[in-house]
Each structure stands twice: as C-alpha cells, then as structure tokens.
> 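Would you mind keeping the following structure in view while I ask a few things?
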Amino acid sequence: MAGQQTAKQQPAVQQQTGVSVTTQVKQLISSDAVKKKFAEVLGQKAPQFLASITNTVAGSTQLKKCSANSIMSAAFVAATYDLPIDSNLGFSAIVPYNESIYNPQTRQWDKVPKAQFQMMYKGFIQLAIRSGYYEKMNYAVVYEDELVKYNPITGEIEFVTDFSQCTQRNAGDESKVVGYYAWFRLKTGFSQELYMSTAAVDNHAKKYSQAYRYDIKEGKKSSKWTTDFEAMALKTVIKLLLSKWGILSVDMQRAIQDDQKIYDEDGNGTYGDNQPDIVEAQDAFVVQEPDSNQIGGLDLEEVEE
C-alpha cells in the first residue's frame, strides 16, 4: 500500500557513465527490479507513474544534470505517498539541487547536482484528507482590503465580513497581497488557524532557503521561492499549521521529515537547502560547504520548535 514503505527500501540503481541522464532513467524504469519496487507501493498505477518520471526529466534542463540515482530515489519517495510528481499539479515535485560533497583526494568540496523530493502544499492537504481526522480545511492568499487586523502575539485574525466591498482580489493586484492563511477543523470540533504576513513568509524563506538567499543576492531565478513565491508561501503556512496544531498521521509525520531531502541509492536522506549564506557562488547550483553544527532542514527544526 502506498505510504507504508520507507525510504530505506528504495530500489538501488547503478549510475552509468557516458550515457545521458534521460537515457539512464529510461533504462532504469524499464528494468524488472525497478518496476517491481514501484508496483509494490503503487500497484496498477506504477506504469503511469514511471512514465511521468521520464516526462519530468525530459522537461527539465537542470534535472538532466542530476544523477539518475537521485532522480529515481526522489521519485520513489513520492510514489510511497501516492502523489504525482508533476509540479504543475501542486502535490509533489522532483527538484534539482547542488549538494556539496567532500573530496578527500583534492581536499575540496565538489558541487554535485542531485534531485531532491519536495512536498508541495496540495500534497500536505491530500495527506491530511486521507488521515480521516479533518472535517474541513482551507487556505487563501489574503489581500490588503480583506484584512481588518492581526495580532502576531495572540494569533487572532479578523477579516472583513462583507467581501463584496473588496476589489483587490478580483482586480488581481498582487502588489496588494499582505499575507497567507490556512485553517482546519477536526472531526472532534477542534479548529485552528494560522496567518503569516508576506514579510513574515519572506523572512522565513530567507532563513531556511539558501537558494532563495542566493537568488536575492545575485538576481537569479533558481529557487522555487523566486519563481513561485505564492505556492511556497501557502505550503509554508499549511505545513506549519498542520505540524504544530494538527493530528499527524504516520504518513504526515514522515512527509514533514522527507520534504526537501536528497536520497542516495541506499535510501539515506540528507537535507540540502538549509546552509549558511553563500560566499562566492558562481552559478545557481553552487552552495557553501555544509556547517557541521547544522542538522539540516527546514522540516526538523520547524517540527521541533
């Protein structure tokens, strides 16, 4: 059943030299061993999901620079949750990221492009729905003329009661977006909401995403935070709300920890995008040497707060 197999049980794949990544991925998904592993978690959905891996790689120049191992490992994690990897659908994605790996021969940190599994906001909502604990939930972008007041100390939020008088949303004026909101009600009757101002979300992204800090510094567009701030902002609000106040199913707990991990062929996961500021980056992939005092991840630090 999808969601019950751990990353440790991912199919081992062998990297080939002199062959394009797209070709390697096609060869791997055609192998009986890989087909069997994906069928174990997806059943009859496996062939369609495997085909989507090829399409995802073919449509991304940056993923073609990543190892086939990391692509297949990230895809397998998504498969265990039974979530599509087409980022346009908003459930999960395979995202390219450059991991710093120490080379003992050169005594230098080599920049190795790898693919990481990333949950998206609809993915967290889907897992919450599947858990059966939630009666209702919703999320929204909040415009200036819709917000009456917000108290960041108590968490109390007040919106207008007559939205017919609000014009900014219908006008599509994104410059008037002041924040992001998520809310749920459990079947027990307990409800909770979370609002984050645009500035608060931006500060969160700068703190936890090295790629976003790099984009701001260099004027690049390599981070999902840069190319789709709204989707990442909604994901942040929903993820924080559920992780701090919701009832977490086993799959939800695992998803919070798996989000933005890079997996090797043995199923060992590490976080990539929570490093110190870049000092002398040369391109969108370059990251600074990992800080040995960090345990990685937006995810673990958020949950443990």
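Every heavy atom of this structure was used, including side-chain atoms; hydrogens, water molecules and symmetry mates were not. Predicted, not measured: the structure shown is a model, and the values here were computed from it.
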> Side chains of Trp109 and Asn103: does their closest heavy-atom pair fall under 4.5 Å?
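Trp109 vs Asn103: side chains apart.
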> Strictly distance-based, threshold 3.5 Å: is any side-chain N or O of Ser131 a donor or acceptor partner for the main-chain N or O of Ala128?
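Indeed, once roles are kept as given, a pair shorter than 3.5 Å links the two residues.
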> Going hydrophobic residue to hydrophobic residue with side-chain gaps under 4.5 angstrom, can you get from Phe76 over to Met120?
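No, because Phe76 and Met120 fall into different hydrophobic clusters, even though each may have its own neighbours under 4.5 Å.
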> Which heavy atom of Val141 sits nearest a heavy atom of Glu230, and at what distance?
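Closest heavy-atom pair between Val141 and Glu230: CG2-CD, 3.6 Å.
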> Any link between Ile256 and Val237 through a network of hydrophobic side chains (Ile, Leu, Val, Met, Phe, Trp, Tyr) touching at under 4.5 Å?
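In one cluster: yes.
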> Could you grab the distance from atom CD1 of Ile125 to atom CE of Met119, nearest 0.5 Å is fine?
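That separation rounds to 10.0 Å.
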> Is any side-chain heavy atom of Met72 closer than 4.5 Å to a side-chain heavy atom of Val25?
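The answer is yes, as the side chains (C-beta and beyond) meet within the 4.5 Å cut-off.
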> Which atom names give the shortest non-hydrogen contact between Leu240 and Ser243, and what distance separates them?
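Answer, listing the atom of Leu240 first, then Ser243: O-OG, 3.2 Å.
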> Nearest heavy-atom pair of Asp215 and Ser223: which atoms, and what distance?
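Here Asp215 and Ser223 meet closest at OD2-N, 2.7 Å.
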> Any Lys/Arg nitrogen of Lys45 or Asp82 sitting under 4.0 Å from an Asp/Glu carboxylate oxygen of the other?
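Salt bridge flag = yes for Asp82 with Lys45.
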> Any donor and acceptor pair, going by atom type alone, linking the side chain of Tyr81 with main-chain N or O of Arg254 inside 3.5 Å?
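Such a contact is found between Tyr81 side chain and Arg254 backbone.
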> Would you compute the distance between atom CD1 of Ile94 and atom CD of Gln62 and round it to the nearest 0.5 angstrom?
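It is 14.0 Å, given to the nearest 0.5 Å.
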> Determine which pairs satisfy ring-ring contact (aromatic ring centres under 6.0 Å, His included) with at least one residue from residues 227-246, sequence neighbours left out, and list them in order.
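Sorted pair list: Trp225-Phe229.
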> Please name all residues satisfying side chain to side chain contact (heavy atoms under 4.5 Å, CB included) with Lys26, sequence neighbours left out, ordered by chain then number.
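Lys26 satisfies side chain to side chain contact (heavy atoms under 4.5 Å, CB included) with Thr22, Thr54 once adjacent residues are dropped.
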> Can you tell me how far apart NZ (Lys224) and NZ (Lys235) are? Round to the nearest 0.5 Å.
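If we round to the nearest 0.5 Å, Lys224:NZ and Lys235:NZ are 10.0 Å apart.
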> To the nearest 0.5 Å, what is the distance between CG (Asp162) and CD (Glu146)?
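If we round to the nearest 0.5 Å, Asp162:CG and Glu146:CD are 11.5 Å apart.
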> Compile the donor-acceptor pairs under 3.5 Å between side chains in residues 174-184 and protein atoms, sequence neighbours left out, one pair per line.
unit_1	atom_1	unit_2	atom_2	d
Ser175	OG	Asp173	OD1	2.5
Tyr181	OH	Glu193	OE1	2.5

> Give a yes or no on whether Glu158 atom CD has more than 12 heavy-atom contacts from other residues, nucleotides or ligands under 6.0 Å away.
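More than 12 within 6.0 Å, yes.
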> Does the side chain of Pro96 reach to within under 4.5 Å of the side chain of Cys66, using non-hydrogen atoms?
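The answer is yes, as the side chains (C-beta and beyond) meet within the 4.5 Å cut-off.
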> For Phe49, is there any backbone N or O sitting under 3.5 Å from a side-chain donor or acceptor partner on Ser52?
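Here the side-chain-to-backbone pair exists.
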> Say you draw a straight line from SG of Cys166 to CG of Asp145; how long is it, rounded to the nearest 0.5 Å?
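If I round to the nearest 0.5 Å, the distance is 4.0 Å.
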> So Leu147 and Ile157, do their side chains get closer than 4.5 Å, heavy atoms only?
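Sidechains of Leu147 and Ile157: in contact.
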> Please walk me through it: do Lys65 and Val21 pass side chain to side chain contact (heavy atoms under 4.5 Å, CB included)?
CA-CA 7 Å; Lys65 300 176 183 179; Val21 172; over 6 Å; no
> Taking all non-hydrogen atoms of both residues, which atom of Ala205 and which atom of Tyr212 are closest, and how far apart?
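It is CB-CD2, 3.5 Å.
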> Do the side chains of Leu50 and Val34 get nearer than 4.5 Å, heavy atoms only?
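Heavy-atom side-chain distance check passes, below 4.5 Å.
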> Give the cluster check for Tyr150 versus Phe163: same hydrophobic cluster or not, with ILVMFWY residues linked at side-chain heavy-atom distances below 4.5 Å.
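In one cluster with Tyr150: Phe163, yes.
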> Nearest heavy-atom pair of Met137 and Leu242: which atoms, and what distance?
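Minimum heavy-atom separation between Met137 and Leu242: CE-CD2, 4.0 Å.
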> Sequence neighbours left out, what passes side-chain hydrogen bond (donor to acceptor under 3.5 Å, both in side chains) with Glu156? Give chain and number order.
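Listed in chain order: Thr154.
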> Looking at side-chain heavy atoms only, is the closest gap between Ile129 and Tyr134 below 4.5 Å?
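Not touching, per the 4.5 Å side-chain cut-off.
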> His204 and Met196: which non-hydrogen atoms are nearest, and at how many Å?
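Closest pair (atom of His204, atom of Met196, distance): CB-CE, 4.4 Å.
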> For Glu135, is there an ion pair with Lys187 - N to carboxylate O distance below 4.0 angstrom?
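Salt bridge: no.
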> Compute whether any side-chain donor of one residue and acceptor of the other, for Ser20 and Thr23, lie under 3.5 angstrom apart.
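Short answer, yes.
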> Between Tyr214 and Thr226, is there a side-chain heavy-atom distance shorter than 4.5 Å?
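No - every pair of side-chain heavy atoms lies 4.5 Å or more apart.
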> Please determine if Lys36 and Asp32 form a salt bridge, counting it only when a charged side-chain N lies under 4.0 Å from a carboxylate O.
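Looking at Lys36 and Asp32, the cut-off is not met.
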> Show me the donor-acceptor pairs within less than 3.5 Å that the side chains of residues 83-92 make with the rest of the protein, sequence neighbours left out.
unit_1	atom_1	unit_2	atom_2	d
Asp86	OD1	Asn88	N	2.9
Asp86	OD1	Asn88	ND2	3.4
Ser92	OG	Pro84	O	2.7

> My understanding is that only residues two or more places apart in sequence, or in another chain, count here; which of them pass ring-ring contact (aromatic ring centres under 6.0 Å, His included) with Tyr143?
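Once residues adjacent in sequence are excluded, Tyr143 has no partner under the ring-ring contact (aromatic ring centres under 6.0 Å, His included) criterion.
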> For Tyr195 and Asn151, what are the C-alpha separation, side-chain angles and deciding distance, and is it a side chain to side chain contact (heavy atoms under 4.5 Å, CB included)?
CA-CA 10 Å; Tyr195 171 82; Asn151 187 327; over 6 Å; no
> Is there a path of hydrophobic side-chain contacts, each under 4.5 Å between heavy atoms of I/L/V/M/F/W/Y residues, joining Phe117 to Met232?
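The answer is yes; both residues are in one hydrophobic cluster.
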> Report yes if the side chains of Thr56 and Leu63 come closer than 4.5 Å at any heavy-atom pair, otherwise no.
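In short, these two side chains touch, coming nearer than 4.5 Å.
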> Calculate, to the nearest 0.5 Å, the distance between atoms CZ and OG1 belonging to Phe124 and Thr236 respectively.
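The distance works out to 9.5 Å.
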